[in-house]
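What follows is one structure encoded as structure tokens, with my remarks underneath.
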Amino acid sequence: MLYDINLRITYTYEVPVSGGRHVVRVLPVSLQDRQRLVAGTVTCTPTPEERRDSGDFFGNPSTSILFRKQHEKLVIRMQARVQLEPQPLTADFSPDLAAFPAEIGDVWSLDADSPHHFLGASPRLPEDTAIASYAQAIAKPGMTIRQIATAICDQIHKDFTYDPKATTVDTTPREAFKLKRGVCQDFTHVMITALRSLGIPAGYVSGFLRTIPPPGKERLEGADAMHAWVRFWCGSTTGWMELDPTNNIAAGLDHIVVGHGRDYSDVAPVIGVLKSYGSHKTEQAVDVIPLQ
């Protein structure tokens, strides 16, 4: 499947900003046997005084930009062409929970894909007893790792209501769990916390999701969205798999990966600091256009 992706993020400042440094992570990543970045660019208006394109520890493309001159607005644009490969259907070769610690212990690697990075607490995801009890009630004896992750994904989808007004980007998993409401970031953070509480390595996937309009309706320009879902380690035979708790589906040809991390803090689209005061307004528009 081939896609053209267009993203525009606009920051409008109440008071002109006299300086700023940001790290931008919006360009899709190339992943072996999963997706290939055919071509892509990230541009900024105004043009930054300094710019450096690189990759982080987890292999996610990142752009560091620095502004010294005063500006009232910042527009970040990303254009990319990405090819996605269909993932084969496989039998469940993941071990059960009792045998899993030994399999994790056999992994000696500490590279970016090592399950050891995704087991404990991370900057946005502390341990939580309520979410742990929730996960323990779902995981039945004899279930495989894949079955447990699928069951938790299904239960979160049933118990939680998608509500973009209920939470903010800074809402904690504990708060979202109490509300049983939120957006894809909240669904994903709760599921990761639940899996880790059982000793299952789990991480955050940031990306784009192609939305399909209702029958008879035209696709609205800019109506697609940045999205988040979960990847979890099923053991050395199967490796990593991905589930989308917001939609209760396995990540497929409509899920385009921008980056992997332990939680949102590792893959936030834009982070940084400003020399200013007052508030600002953010607008985002995404188009995910299938070419075949």
Quick one, [X] and [Y] - any side-chain contact, counting heavy atoms below 4.5 Å?
{"X": "Glu85", "Y": "Arg36", "answer": "no"}
{"X": "Pro16", "Y": "Glu72", "answer": "yes"}
{"X": "Asn247", "Y": "Tyr162", "answer": "no"}
{"X": "Val267", "Y": "Val205", "answer": "no"}
{"X": "Tyr13", "Y": "His280", "answer": "yes"}
{"X": "Phe67", "Y": "His22", "answer": "yes"}
{"X": "Arg81", "Y": "Leu2", "answer": "yes"}
{"X": "Met241", "Y": "Ile145", "answer": "no"}

Give, for atom [atom1] of [X] and atom [atom2] of [Y], the distance between the pair rounded to the nearest 0.5 Å.
{"X": "Leu7", "Y": "Ile76", "atom1": "CG", "atom2": "CD1", "value": "8.5 Å"}
{"X": "Thr167", "Y": "Leu179", "atom1": "OG1", "atom2": "CG", "value": "8.0 Å"}
{"X": "His260", "Y": "Ser206", "atom1": "NE2", "atom2": "OG", "value": "9.5 Å"}
{"X": "Ile104", "Y": "Trp233", "atom1": "CD1", "atom2": "CH2", "value": "6.0 Å"}
{"X": "Leu74", "Y": "Ile65", "atom1": "CG", "atom2": "CD1", "value": "5.5 Å"}
{"X": "Thr193", "Y": "Leu195", "atom1": "OG1", "atom2": "CG", "value": "9.0 Å"}

ILVMFWY network linking [X] to [Y], side-chain heavy atoms under 4.5 angstrom:
{"X": "Met226", "Y": "Leu243", "result": "no"}
{"X": "Ile249", "Y": "Met1", "result": "no"}
{"X": "Val270", "Y": "Phe208", "result": "yes"}
{"X": "Tyr134", "Y": "Phe232", "result": "yes"}
{"X": "Ile192", "Y": "Trp240", "result": "yes"}

Could you list the residues that satisfy ring pair (Phe, Tyr, Trp, His ring centres under 6.0 Å) with [X], not counting sequence neighbours?
{"X": "His117", "answer": "Phe57"}
{"X": "His116", "answer": "none"}
{"X": "Phe187", "answer": "Phe160"}

Is the backbone of [Y] close enough, under 3.5 Å, to the side chain of [X] for a donor and an acceptor to pair up by distance?
{"X": "His71", "Y": "Lys69", "result": "yes"}
{"X": "Tyr3", "Y": "Leu253", "result": "yes"}
{"X": "Gln35", "Y": "Val82", "result": "no"}
{"X": "Asp154", "Y": "Asn248", "result": "no"}
{"X": "Ser30", "Y": "Leu37", "result": "yes"}
{"X": "Arg196", "Y": "Ala202", "result": "yes"}
{"X": "Gln155", "Y": "Cys153", "result": "no"}
{"X": "Glu103", "Y": "Ser236", "result": "yes"}
{"X": "Glu127", "Y": "Ser197", "result": "no"}
{"X": "Gln87", "Y": "Asp33", "result": "yes"}

May I ask you to check whether over 12 heavy atoms, not counting those of [X], lie within 6.0 Å of atom [atom1]?
{"X": "Phe93", "atom1": "CZ", "value": "no"}
{"X": "Glu49", "atom1": "CD", "value": "yes"}
{"X": "Arg34", "atom1": "CZ", "value": "yes"}
{"X": "Arg52", "atom1": "CZ", "value": "no"}

Please name the pair of heavy atoms, one in [X] and one in [Y], separated by the smallest distance, quoted to 0.1 Å.
{"X": "Ala228", "Y": "Cys184", "result": "N-SG, 3.6 Å"}
{"X": "Phe177", "Y": "Ile131", "result": "CG-CG1, 3.7 Å"}
{"X": "Val288", "Y": "Val286", "result": "CG2-CG1, 4.0 Å"}
{"X": "Pro61", "Y": "Val258", "result": "CD-O, 4.1 Å"}

Stepwise side chain to side chain contact (heavy atoms under 4.5 Å, CB included) test for Asp53 and Leu27: CA-CA 11 Å; Asp53 295 293; Leu27 193 66; over 6 Å; no
Does a donor on one side chain sit under 3.5 Å from an acceptor on the other, for [X] and [Y]?
{"X": "Thr168", "Y": "Asp170", "answer": "no"}
{"X": "Asp111", "Y": "Ser109", "answer": "yes"}
{"X": "Thr10", "Y": "Glu283", "answer": "no"}

Remaining members of hydrophobic cluster (4.5 Å side-chain criterion), Leu110: none
Side-chain hydrophobic cluster, 4.5 Å single linkage: members besides Val23: Ile271
Angle class for the [X]/[Y] ring planes (parallel below 30°, perpendicular above 60°, tilted otherwise)?
{"X": "Tyr204", "Y": "His189", "value": "tilted"}
{"X": "His255", "Y": "His227", "value": "tilted"}
{"X": "Phe58", "Y": "Phe118", "value": "tilted"}

Please determine if [X] and [Y] form a salt bridge, counting it only when a charged side-chain N lies under 4.0 Å from a carboxylate O.
{"X": "Arg231", "Y": "Asp113", "result": "yes"}
{"X": "Lys180", "Y": "Asp186", "result": "no"}
{"X": "Asp263", "Y": "Arg124", "result": "no"}

Thr63 vs Met78, side chain to side chain contact (heavy atoms under 4.5 Å, CB included): CA-CA, chis, key distance, verdict: CA-CA 11 Å; Thr63 300; Met78 187 279 296; over 6 Å; no
Test log, rule side chain to side chain contact (heavy atoms under 4.5 Å, CB included), inputs Phe100 and Leu198: CA-CA 10 Å; Phe100 203 42; Leu198 298 172; over 6 Å; no
Contacts of Asp106 that satisfy side chain to side chain donor-acceptor pair (under 3.5 Å) - sequence neighbours left out: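 Counting only residues at least two positions away or on another chain, Asp106 forms no side chain to side chain donor-acceptor pair (under 3.5 Å).
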Thr282/Ile9 under side chain to side chain contact (heavy atoms under 4.5 Å, CB included): CA gap, chis, key distance, verdict: CA-CA 7 Å; Thr282 306; Ile9 303 175; 4.2 Å; yes
